[in-house]
> 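Got a structure for you, questions after.
Computed from a prediction, not measured in an experiment: that's the story for all the values here. We use all heavy atoms of the structure for the numbers below, so side chains are in, but hydrogens, waters and symmetry mates are not. In what follows, residues are counted from 1 in the order of the sequence shown.
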Amino acid sequence: METIFQNSPLPDSIPVLLQKIGIAILIGFLVGLERESKKKEGLRSFAGIRTFPLIAIFGFLAAFTSSLTDTAVYISFFVTFGILVSISYYFSAVKGKIGGTTEITFLLVFILGSLVYWDHLLLSAVVAIVLVTFLALKARFREFAGKIDEEDILAILKFGTITLIVLPLLPNETFGPFDSLNPSKIWYFVILIAGISFI
C-alpha cells in the first residue's frame, strides 16, 4: 500500500497541480454528464453534472493533503466519504430505491480523482471511460441479460474454463519430435475453435 500513496517530498508545481485538477474535474464532468442525461429520462438523482466534478476534486485534494501529512489522513477522508455515501444509500433504500450504482460511482469518482494526483492519468482515463460506458449502456446490458438462457450460461462457463483456468496451467515449453509440440500453443487453437463455436 505504501507504493500507492508514495509521493515526492515536495508537491508538484502550481501549473502541474492545476493541470491535474483540471483532468480530475473533466473525469467528474463526464460521469456527471451521463448521470444528468438520466434525469432527462425521468430517473431521479440528486447527483449530476455539478456533484461528480466536486467529488473528483474532493478525492484529488484528499490525496494532495495526505502527501503533505500522512497516509492516515487520506484513509480518514475516504472512510468519512464512504460513511456519507452509505447514509445516502440507506435513505434511498428506505424510499424503495434498492440499487447501488450511484453510490459505487461516487466512490469510484473519488478514487479516480486521487489517482490523477498520484500521476496514474492513463489508468484514471481508461476507468472513467469504462465507467461511463457501463452507466450509459445500462438498458442495453439488461436487455442482453434478459436474452441469455441456461444453455448460453453453460457455454460461457465452458469457454471461461478452457481460457482462464486450463490455459495458465499448461506448460509453455516444446517437446516431442523436433520440439514441435507446445501444449500452450496447441491450446490456443482449442480456444480459437471454442471461441468461434461460442460466438
> Please tabulate, for the side chains in residues 57-64, all donor-acceptor contacts under 3.5 angstrom to protein atoms that are two or more places apart in sequence or on a different chain.
none

> Working to the nearest 0.5 angstrom, can you tell me the gap between Glu34 CD and Ile49 CD1?
11.5 Å
> Which residues pass the side chain to side chain contact (heavy atoms under 4.5 Å, CB included) test with Ser86, not counting sequence neighbours?
none
> Could you pull out all residues at least two apart from Ser114 that satisfy side-chain hydrogen bond (donor to acceptor under 3.5 Å, both in side chains)?
Tyr74
> Is Tyr117 reachable from Leu68 through a run of I, L, V, M, F, W or Y residues, each pair having side-chain heavy atoms under 4.5 Å apart?
yes
> Quick check against the 3.5 Å criterion: does Asp70 have a side-chain atom that pairs as donor or acceptor with the backbone of Val73?
no
> Between atom CZ of Phe52 and atom CG of Leu131, what is the distance when rounded to the nearest 0.5 Å?
8.0 Å
> If you take all heavy atoms of Leu157 and Thr161, which pair is closest and at what distance?
O-OG1, 2.7 Å
> Kindly compute the distance separating CD1 (Ile23) from OG (Ser124), expressed to the nearest 0.5 Å.
8.5 Å
> Return the set of residues passing side chain to side chain contact (heavy atoms under 4.5 Å, CB included) with Leu84 (not counting sequence neighbours), or none when no residue passes.
none
> Could you report the tightest heavy-atom contact between Ala24 and Gly113, atom names first, then the distance?
CB-CA, 4.3 Å
> Show, in sequence, the C-alpha distance, side-chain angles and deciding distance for Leu18 and Ile14, and conclude whether the side-chain contact (heavy atoms from CB on, under 4.5 Å) test is met.
CA-CA 6 Å; Leu18 292 177; Ile14 296 299; 3.9 Å; yes
> Do Ile129 and Leu30 belong to the same hydrophobic cluster, where Ile, Leu, Val, Met, Phe, Trp and Tyr are linked whenever their side-chain heavy atoms lie under 4.5 Å apart, directly or via other members?
no
> Under the rule for side chain to side chain contact (heavy atoms under 4.5 Å, CB included), what residues qualify as partners of Thr80, not counting sequence neighbours?
none
> If you measure from CZ on Phe78 to OG on Ser66, what distance do you get to the nearest 0.5 Å?
13.0 Å
> Nearest 0.5 Å please: distance from the CG atom of Leu107 over to the CD1 atom of Ile111.
6.5 Å
> If you link I, L, V, M, F, W and Y whenever their side-chain heavy atoms are under 4.5 Å apart, who else ends up in the same group as Ile196?
Leu192
> First locate atom CG of Leu122, then atom CG of Leu115, and finally report the distance between them rounded to the nearest 0.5 Å.
11.5 Å
> Would you please name every residue forming a side chain to side chain contact (heavy atoms under 4.5 Å, CB included) with Val127, sequence neighbours left out?
Leu112, Leu123
> Does Ile75 share a hydrophobic cluster with Ile83, counting links as ILVMFWY side-chain heavy atoms below 4.5 Å and allowing steps through other members?
yes
